[in-house]
Amino acid sequence: MFQSRTHTCGELRIEDAGKKVKIVGWMENVREVSANLAFVVVRDFYGTTQAVVQNEDMMSFVKGITRESTISIEGEVRERTSKNPNLPTGDIEVVPEKIEVLGRCRYNELPFQINHSREADEATRLKYRYLDLRNPEVKSNIVLRCNVVAALRKSMTEHGFLEITTPILTASSPEGARDYLVPARNHPGKFYALPQAPQQFKQLLMTSGFDRYFQIAPCFRDEDARADRSPGEFYQLDMEMAFANQEDVFAVLEDVLPPIFAKYGKYNVASEAPFKRISFSDSMEIYGSDKPDLRIDLVVRDATELLSDCGFEPFAGSTVKAVVVPDFTQTRKFIDQLCADVEVVSGNKAFWFRLDENFDLVGGISKFLTERKNAIIAALDLKPNCFVGLTSGKKLAAQKTAGVLRKMLGASVPGHMDAERYEFCWIVDFPMYEIGEESGELEFCHNPFSMPNGGLEILDKVEKGEADPLAITAYQYDLVCNGVELSSGAVRNHDPEIMIKAFELVGLGEDDVKAKFPAMYNAFCYGAPPHAGIAPGVDRMVMLLAGEDSIREIIPFPMNKTAQDLMMGAPSAVEPKQLRELHIVLDVKE
RNA sequence: GGCCCAGUAGUUCAGUUGGUUAGAACGCCAGCCUGUCACGCUGGAGGUCGACGGUUCGAGCCCGUUCUGGGUCGCCA
């Protein structure tokens, strides 16, 4: 039987000298200094400890052990004659009396070197994720994730929220993303769906009288991945509050998140309550994005009236946006690269000019501007050595391109970004409706569950032609941190009458509401509380805190971009018998 | 589905205008080394240059197709 260790590989100190100990772990390295002197490095979850081998029998035994085998070492702790101040255990070493191999690593060569696994090819890392995770650097992100989740749970519970789990096998939802479907063996031809979010369940909990709900909820969406979006599955800190409005929800997260960000984040400064509130339309106008990075002090200015008729062809009849950077000393090469990068990311061109130290407009498109030089200087408030980046196009395209330009300038021109902090803001007053690009018809902008600002009254006005449906905003909000959309939430529409009216405006009716959301509609007909909620993405939160650029770095067993688990071999073919039981006939084209 | 980037030793990469036997570092193997800690020194093994086709006297390099991976747009109530 395996006898337990007395100490971990991270805890022995100079005070332990003289003690008989047993340590266990992975044999990370053997430094063979001579024929009868070698240093063996043992690594476990907690750290590394050095053992020193000084007799020839033990030397030859150690030489026969492959790296990354698990071993146990029993012996005496002693003070090192040459200490290593860079290691917590660097003052001591273990002199082994007995070394035992617990689990032999059968390979001399690993797919990658454990301590350099982050440099290895990503597909290889994912296939051998259990080895990748042996790397303390990789492991630390998972530990961080555990700590953050535990802190979120604790804080939410302290705020009076109950953690309630909701079904994983549920009904397919007609709106939103593509569902993951699960065939129902006992119901031929029918399917469960994995939840895209516990949205309807949490709203039902509100109608059942649970006042404050939360859940670290797994969510499943069959959509394509991104660097910050894991394919298939992800986790949300899902929460909902009864008899609550937008500000009530804001107050909870403004209380819960900053201490956790400050404690566990790579940067230990987080904005405090209240977070800045920015309307969707202001955010698009000032920052060129609905997820502004407020660490950047640059803003987007409107220059349509000033420049659209200046004679420069791309500006004619277009919206023109400007980003002004004072004290600009970057080279022409830098500017050309910047414009090229903006075009790659946004798909639209960026233009520029400068005001030099002699008060002359120079570079870029300046020759189109000389006639109205004074007006431009006054309107954009230009000082010598100002750089002006310009974008144009339809309003939304000009805004978004300017947003990309702003972000790149902020990140690359020194002095415009205080990067080492977490800067939160709320984006509020999202439009309720939009004209669908494909259909050309009025459609819900986000989801149909949100309460319109103005309630039944404003919807009635739209119906009578007295109000513009595109001007209606919803009590719908995003939480943004450092340019990352952490969360969407809303005050929900709990009134069946308003719900039906909201649907009628997009050409649907009561029957559609009942058909699409039967449980919620019926439940709301039995007396529902006004309620509101939000669901910050746990993965993205941890990614921000860890300072990682890829979401896969903070997920224990991530899938690759095409939603495959290379380690487990998922998705995989199944036995014909399984398919028969599920009443499934495959129709796969080669 | 569109676009961009990458694919050369176990790993990370270099490879000039198309020209002899495709290199380096780390890792691996062997030897040396009595205080290493990214130990050091010497030597060695290790390659379907992602695949297929084309151009050429000659292709890792040029052209075409394709596969794989990543990024991005679409998509993500």
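Chain identifiers are assigned alphabetically (A, B, ...) following the order of the sequence lines, protein sequences preceding nucleic acid strands; residue numbering begins at 1 within each chain.
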Looking at C62(B), which nucleotide sits across from it as a Watson-Crick or G-U wobble partner, both distances under 3.5 angstrom, or is there none? G54(B)
Separation of E32(A) atom CD from G31(B) atom P, in whole Å? 9 Å
When rounded to the nearest Å, what value does the distance between C1' atoms of C76(B) and U55(B) take? 46 Å
Any donor-acceptor pair, under 3.5 Å, between the side chain of R226(A) and the base of G74(B), if you only look at N and O atoms? yes
In Watson-Crick or G-U wobble terms, both distances under 3.5 Å, what is the partner of G23(B)? C13(B)
Whole-Å distance separating the CZ atom of R80(A) from the C1' atom of U34(B): 16 Å
Roughly how many Å is it from CD in E109(A) to P in U12(B), rounded to a whole number? 13 Å
Is the phosphate of C39(B) approached by N29(A) (side-chain N or O, under 4.0 Å from OP1 or OP2)? yes
Could you let me know what A6(B) is paired to, Watson-Crick or G-U wobble, both distances under 3.5 Å, or none if it's on its own? U68(B)
Which nucleotide sits closest to the side chain of V33(A): G71(B), G1(B), C39(B)? C39(B)
Using atom P in both nucleotides, what's the gap between A59(B) and C37(B) to the nearest angstrom? 48 Å
Specify whether F430(A) and F280(A) have parallel, tilted or perpendicular ring planes, treating 30° as the upper limit for parallel and 60° as the lower limit for perpendicular. tilted
For the side chain of T81(A), counting heavy atoms from C-beta on, which of C76(B), U72(B), G35(B) is nearest? G35(B)
From CZ of R118(A) across to C1' of C26(B) the rounded distance in Å is 19 Å
Value in whole Å for how far the P atom of G71(B) lies from CG of N560(A): 10 Å
Any salt bridge between E28(A) and R134(A), counting N to O under 4.0 Å? no
Just wondering, do F39(A) and U36(B) stack (centres under 5.5 Å, planes under 30°)? yes
Give the rounded distance in Å between these two atoms: CG of D179(A) and P of C75(B). 18 Å
State whether the distance check finds a donor on one side and an acceptor on the other, under 3.5 Å, for side chain K561(A) versus base U72(B). yes
